[in-house]
There are 2 protein chains.
Amino acid sequence: MNTETTRTQIMQHAQRLVQERGYNGFSYRDISALIGIKTSSIHYYFPQKEDLLLAVVQQYHARWQAAVQAIDTSLSADAKLRAYVEMHRQTFCNTERICLAAALAAELASLPTDVRRAIQDIYGANEEWLAQVLEQGVREGSLCVPGDVGTAARSMFAALQGSLVTARLFNNSNRIKDLLQAVLTLRE
Amino acid sequence: MNTETTRTQIMQHAQRLVQERGYNGFSYRDISALIGIKTSSIHYYFPQKEDLLLAVVQQYHARWQAAVQAIDTSLSADAKLRAYVEMHRQTFCNTERICLAAALAAELASLPTDVRRAIQDIYGANEEWLAQVLEQGVREGSLCVPGDVGTAARSMFAALQGSLVTARLFNNSNRIKDLLQAVLTLRE
DNA sequence: GTCTATAAACGGATAGAC
DNA sequence: GTCTATCCGTTTATAGAC
């Protein structure tokens, strides 16, 4: 069982390149050179570049969702939130990459409609998960959330996505957990 | 005095295109078609595409700084903050564009060093201004800022940048003022 | 499945006429 | 300053051999 199929390698490199340089910042040639194949071989798996993009986005969404849902549901809200933020921080520290959805959302006007919808789905799913955790936190009293939890969840996810961007910009991964300060009643 | 010089038009379209599609998402041809000139004329003003980019980024920084510093320094901290967020919201509502610095930071790896530094400058200046306002707010008691003001300022600017991205993604400008909820003690 | 070969358009960029 | 003309590498994509 070799998971390092050509198709897998293509998608891995494509995802990384989007996160580093954006959708318009890489070409089939880049990927072909990295893997050691010809660009025509990539077209065999993904006839158009947009096909590759959509496949990468959907795979990213599925994997991220699985990772989020792997967070122990029996945890307290503040522990869930810490685990969630730590997930982002760990991913960033290992790869120096921002979220795929954020990278693509920045160049929204140059993306096909189905990809835009897929990006909305990623944002929506994360905001929804966060809103539920915040609501739990309010119930428990483990989190300090002023105002509407839905609003706070959207704001928090935006902050997290934005902090990944600045963590890379300033080469400082500590920025990723900055948003915890406001919502955690206990100091770290 | 016609400010609609060719140079001005080139820079206007370049800025808009970066904000909409990213640096790698437009070409001299796009701009030339929009203005009704030839690409060689653009090269007369900006020999390389990177020259154009740097000029656009620096102009954007200068104008944004001027607008921020035009906020009445005698205002209370919460009024300053509302004015600052409203500035973002108004700009977005008129143009449907995210911040130039955020658009570029998303494709960081494909940008020249001097542009990266300029983007850092934009982030740094905004974070610094916000930190001072938050500090004033803590002194006055007009803002609710738990923990370190520097950390809160960075987190807040990240949230603001991220909210512009989602405002565009979901076509909903209300998201931009979401972050005010957490920090304003008075409800809107 | 991967290759060679090729097409056709696009990209940034330059030289030189007007 | 703007144009025409041109260069040359890149990019996406296809046809067909192996």
Return no unless some side-chain N or O of [X] is found under 4.0 Å from OP1 or OP2 of [N].
X       : N      : value
B:Ser27 : C:dC10 : no
B:Lys49 : C:dG12 : yes
A:Ser41 : C:dC3  : yes
B:Gln48 : C:dA13 : yes
B:Tyr44 : D:dC3  : no
B:Thr6  : D:dT2  : yes

Quiz item: Could you state the interatomic distance from CG (A:Leu130) to OG (A:Ser155), rounded to the nearest 0.5 Å?
Solution: 10.5 Å
Mind checking [X] for me? I need base, sugar-phosphate or nothing, with any heavy atom below 4.0 Å counting as a touch.
X       : value
B:Phe46 : nothing
A:Arg29 : base
B:Ser40 : base

Over how many whole Å does the gap from [X] atom [atom1] to [N] atom [atom2] extend?
X       : N      : atom1 : atom2 : value
A:Glu50 : D:dA13 : CD    : C1'   : 13 Å
A:Tyr28 : D:dT10 : OH    : P     : 19 Å
A:Ile35 : C:dT2  : CD1   : C1'   : 13 Å
B:Arg7  : D:dT2  : CZ    : P     : 12 Å
A:His43 : C:dT2  : NE2   : C1'   : 14 Å
A:Lys38 : D:dT12 : NZ    : C1'   : 16 Å
A:Arg21 : D:dT11 : CZ    : C1'   : 14 Å
B:Phe26 : C:dG12 : CZ    : C1'   : 12 Å

Quiz item: Between the side chains of B:Asn24 and B:Ser110, does any donor sit under 3.5 Å from an acceptor?
Solution: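 There is such a pair between these side chains.
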Practice problem: Return yes if a side-chain donor-acceptor contact under 3.5 Å exists between B:Gln132 and B:Gln136, otherwise no. | Solution: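 No, B:Gln136 and B:Gln132 have no side-chain donor paired with an acceptor closer than 3.5 Å.
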Quiz item: Within the distance-only criterion (no hydrogens, no angle test), does the side chain of A:Arg168 pair as donor or acceptor with the backbone N or O of B:Ala105 below 3.5 angstrom?
Solution: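 Such a contact is found between A:Arg168 side chain and B:Ala105 backbone.
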Exercise. Assess the pair B:His88 and B:Tyr84: is the distance between their ring centroids shorter than 6.0 Å?
Key: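 So the answer is yes for these two rings.
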Quiz item: Choosing from D:dT4, D:dT2, D:dT14, which nucleotide comes nearest the side chain of B:Tyr45?
Solution: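 In terms of side-chain proximity for B:Tyr45, the closest of D:dT4, D:dT2, D:dT14 is D:dT2.
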